[in-house]
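What follows is one structure encoded as structure tokens, with my remarks underneath.
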Amino acid sequence: MAIKVVLPTAFTRHTDGRKQFDSSAHDLPGLLADIDQTFPALSTQIKDDDGKLRRFINIYVNDEDIRFLGGESYAFKDGDEVMLIPSIAGGKI
Amino acid sequence: MNYSCSRYELKCNDCGKRFGNQPLSACPDCLAPLEVAYDLDAVRGIFTRENIAAGPPSIWRYAALLPIPDGFQPDLPVGFTPLIHAKNLGKRIGATNLYVKNDAVCFPTLSFKDRVVSVALANAQRFGFETVGCSSTGNLANSVAAQAARLGIKACILVPADLEAAKILNTQVYGARLVRIDGNYDHVNRLCSQIADEYTWGFVNVNLRPYYAEGSKTVGYEIAEKLGWKLPDNVVVPMAGGSLIRKIRKAFQELIYLGLVEEKHVRFFGAQATGCSPIATAVKQGTEDVQPQKPNTIARSLAIGNPADGPAAAKMIRDSGGWAEDVSDVEIVSGMQELAETEGIFTETAGGVTTAVTARLYAHGRILPDEITVACITGNGLKTTDSLVGHYAEERAIRPRLADFGDYLRELEGAQELAVAGDIHGN
């Protein structure tokens, strides 16, 4: 099983310029672990001090926000396109 | 390229790093959003009541605290809309000190979005963008299209496919390229992020967002100035992405810091439609964890299920001692009618949300009758007439004869008496 992961340009300085890569992760935690291994610098950028995905990043699976699909419990399907997109606002809490 | 300016520059909201001035919305390091930070002390002697009063009757009277490039010569009289004492509406809902900030008449396209777009496009020109764009629920589309036309900049605008017909037409008439997306605003917004990443276009609410959002501050400046340089006790603000309510507070804070108004604790109240109420839901649950929703409401201009500024707006509202409410589509239409019938202001569905929520806040005692309260009306009803279809009878035509007119009046009065009798007898 393979999914396609698509990244914004801002992230490519940590991926040797690659805007997309394939992963065999089965779910979001698996994908984050994969990024940990493959692109450690990117991993540092997208996770906070507690190791959680920063709240400024939205994850979409085939155009849908992953939170509507069950979030971390969503099981990726073969051929899924997973996009990481920084939120364009958010402000300080 | 970095465009320096001594008065202001982009600053990361989280890590505090500064980035000068460039079309950038998120911190390259921690990905947090960027905001425009000012050297307030540098404008202390310039941003004065006297200088403001001597300025034009538009948002440009506050230019010293707007992120517009040096040498920019604004010629579009945007903003400075009426703040009216809503005595009649107040009487109906139990308020004695209720004011309505009426951006249903904002120039040039009849919504508060004209404020943000004029600031954003000043920066689009500075950064040399030949094409500008936006993701929009309608009002922003109208404003970008109109102001881009005037500036001779190409516009490409993306909207949800099911937008109100008037908002579609009000974008197309200015010659903008309109792309209807088969999805809701959140889908459109996500696509625009990707386009902005791929094309060298200026997206007013994506890569120009920090500048764009600052235009909203002028609502706050105007409220204070029109109240005689005083702050209100409460402000009721419709919430889509949650940016406007935060920027009104920023305006009040700047005015306090610069000594233009006395320090005062203002409570902020957010208004949403029940069919899309992620921020109000979070406020009611006492959390900043704003969960996205699938919008389903007639208030399409507020139909943002994943509000980018939602967590910050929810926290700000609770910290201020305010509250957030949501109202049904039926209440939204009633709110529109009530504001029109009492104050002569025809607002769009979002204004119906604000009006209905304001009424409920008084009814529930969250706002006291004599507190100075400002309800923000952000758009014009002519754009959302679809929501009123079926609410008014189509009157039959009569012949141009005095006798026919008399008959017609008697007929109407008879119908009215019958209706009253029906009410009395419970029919």
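Counting heavy atoms from C-beta outward, B:Arg190 and A:Asn58 have side chains that stay 4.5 Å or more apart. No side-chain heavy atom of B:Asp186 sits under 4.5 Å from any side-chain heavy atom of A:Tyr60.
Only the backbone of B:Asn205 comes within contact range of chain A, with heavy atoms under 4.5 Å apart. Only the side chain of B:Glu198 comes within contact range of chain A, with at least one heavy atom under 4.5 Å from a heavy atom of that chain. Contacts between A:Asp65 and chain B at a heavy-atom distance below 4.5 Å involve the side chain alone, from C-beta outward. With a 4.5 Å cut-off on non-hydrogen atoms, B:Asn189 touches chain A through its side chain but not through its backbone.
When the candidates B:Lys294, B:Gln293, B:Gln194, B:His187 are compared by the number of heavy-atom contacts under 4.5 Å with chain A, B:Lys294 comes out ahead. With respect to chain A, the highest number of heavy-atom pairs below 4.5 Å among B:Cys12, B:Ala26, B:Pro28 belongs to B:Pro28. Among A:Met83, A:Lys19, A:Gln45, A:Glu64, the residue with the largest count of heavy-atom pairs under 4.5 Å with chain B is A:Gln45. Highest contact tally toward chain A, considering only B:Pro292, B:Ser193, B:Gly183, B:Ser243, is held by B:Pro292 [criterion: heavy-atom pairs under 4.5 Å].
Across all their heavy atoms, A:Pro8 and B:Asp197 have their closest contact at CA-OD2, 3.4 Å. Contact record, A:Phe56 with B:Pro33: CE2-CD, 3.4 Å, taken as the closest heavy-atom pair. Between B:Asn306 and A:Arg67, the closest heavy-atom pair is ND2-NH2, 3.0 Å.
Within 6.0 Å of NZ in B:Lys17 there are 12 or fewer heavy atoms belonging to other residues, nucleotides or ligands. Under a cut-off of 6.0 angstrom, the local environment of CG in B:Asp182 is sparse, with at most 12 non-hydrogen atoms contributed by other residues, nucleotides or ligands. Dense packing is recorded around CG of B:Asp39, with more than 12 heavy atoms of other residues, nucleotides or ligands lying under 6.0 Å away. Other residues, nucleotides and ligands contribute only 12 or fewer heavy atoms inside 6.0 Å of the CG atom of A:Asp16. At most 12 non-hydrogen atoms from other residues, nucleotides or ligands lie less than 6.0 angstrom from CZ of B:Arg180.
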Take A:Arg54 and B:Asp29 through the salt bridge (charged side-chain N to carboxylate O under 4.0 Å, His left out) test and state the conclusion after the steps. CA-CA 12 Å; A:Arg54 289 185 195 273; B:Asp29 293 325; over 6 Å; no
